[in-house]
Amino acid sequence: MPTISIFFGIYITMYNTNEHNPPHFHADYQGYSAMFDFNGQILEGKLPKKQQRLIATWAKLHHDELLFNWNLVMSKGTLLKIQPLR
C-alpha cells in the first residue's frame, strides 16, 4: 500500500490493487488506523480527534489530487505523492 503523504506522524496511504468504492484513503497514526473519504470524513476505524481534524483539513485542501490518485488506482496506475500539511 503506497504512502502518498506523511505529516505530523500521520501516514496517508492508498491501496493500488483490488480497491473498492466509495473513493477513500487510509490514515495510520501511532497504532491507530482509519479510512476517510475525500471530504475528510471518517468512514471506518479510529484516530485521536486532533489527528482526525488534521486529516480532514488536509483532505479538503487536496481533494482534487486525491480524486486524481483514485482514478490512477482504478486504472492500476502509479500513485502520485501529495504535499503534506504544514
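Residue indices begin at 1 and follow the sequence shown.
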N/O donor-acceptor pairs under 3.5 Å from side chains in residues 39-52, not counting sequence neighbours:
residue	atom	partner	partner atom	Å
Q51	NE2	Y29	OH	3.4
Q52	NE2	L47	O	2.7

**Study point:** Greater than 12 external heavy atoms within 6.0 Å of F8's CZ
**Key:** yes
**Study point:** Residues, nucleotides or ligands: over 12 heavy atoms within 6.0 Å of Y11 OH
**Key:** no
Are [X] and [Y] side-chain neighbours, meaning at least one heavy-atom pair lies under 4.5 Å?
X   : Y   : result
M14 : L66 : yes
L79 : V73 : yes
D28 : I10 : no

Drop me the distance from [X]'s [atom1] to [Y]'s [atom2], to the nearest 0.5 angstrom.
X   : Y   : atom1 : atom2 : answer
R53 : I55 : CZ    : CD1   : 11.5 Å
I4  : H62 : CD1   : NE2   : 10.0 Å
L72 : K76 : CG    : NZ    : 12.0 Å

Check your understanding: What about the rings of W58 and F25, do their centers lie closer together than 6.0 Å?
Key -> yes
Review point. Does the pair F7 and I12 meet the rule for a side-chain contact (heavy atoms from CB on, under 4.5 Å), with working shown?
Key: CA-CA 8 Å; F7 52 91; I12 306 294; 3.7 Å; yes
Exercise for review: Assign the ring pair W70 / F38 to parallel, tilted or perpendicular, where the plane angle (0 to 90°) is split at 30° and 60°.
Suggested key: perpendicular
Review point. Do I6 and L61 share a hydrophobic cluster, counting only Ile, Leu, Val, Met, Phe, Trp and Tyr and linking them when any side-chain heavy atoms are less than 4.5 Å apart?
Key: no
Practice item. Output yes when a side-chain donor or acceptor of N69 lies under 3.5 Å from a complementary backbone atom of L80, and no otherwise. Key: yes
Review point. Checking S5 side chain against I82 main chain: does a donor-acceptor pair fall under 3.5 Å?
Key: yes
Exercise for review: Write down the atom of L85, the atom of L54, and the distance for their closest heavy-atom approach.
Suggested key: CD2-O, 3.5 Å
**Study point:** Partners meeting ring pair (Phe, Tyr, Trp, His ring centres under 6.0 Å) with H26 (sequence neighbours left out)
**Key:** Y15, H24
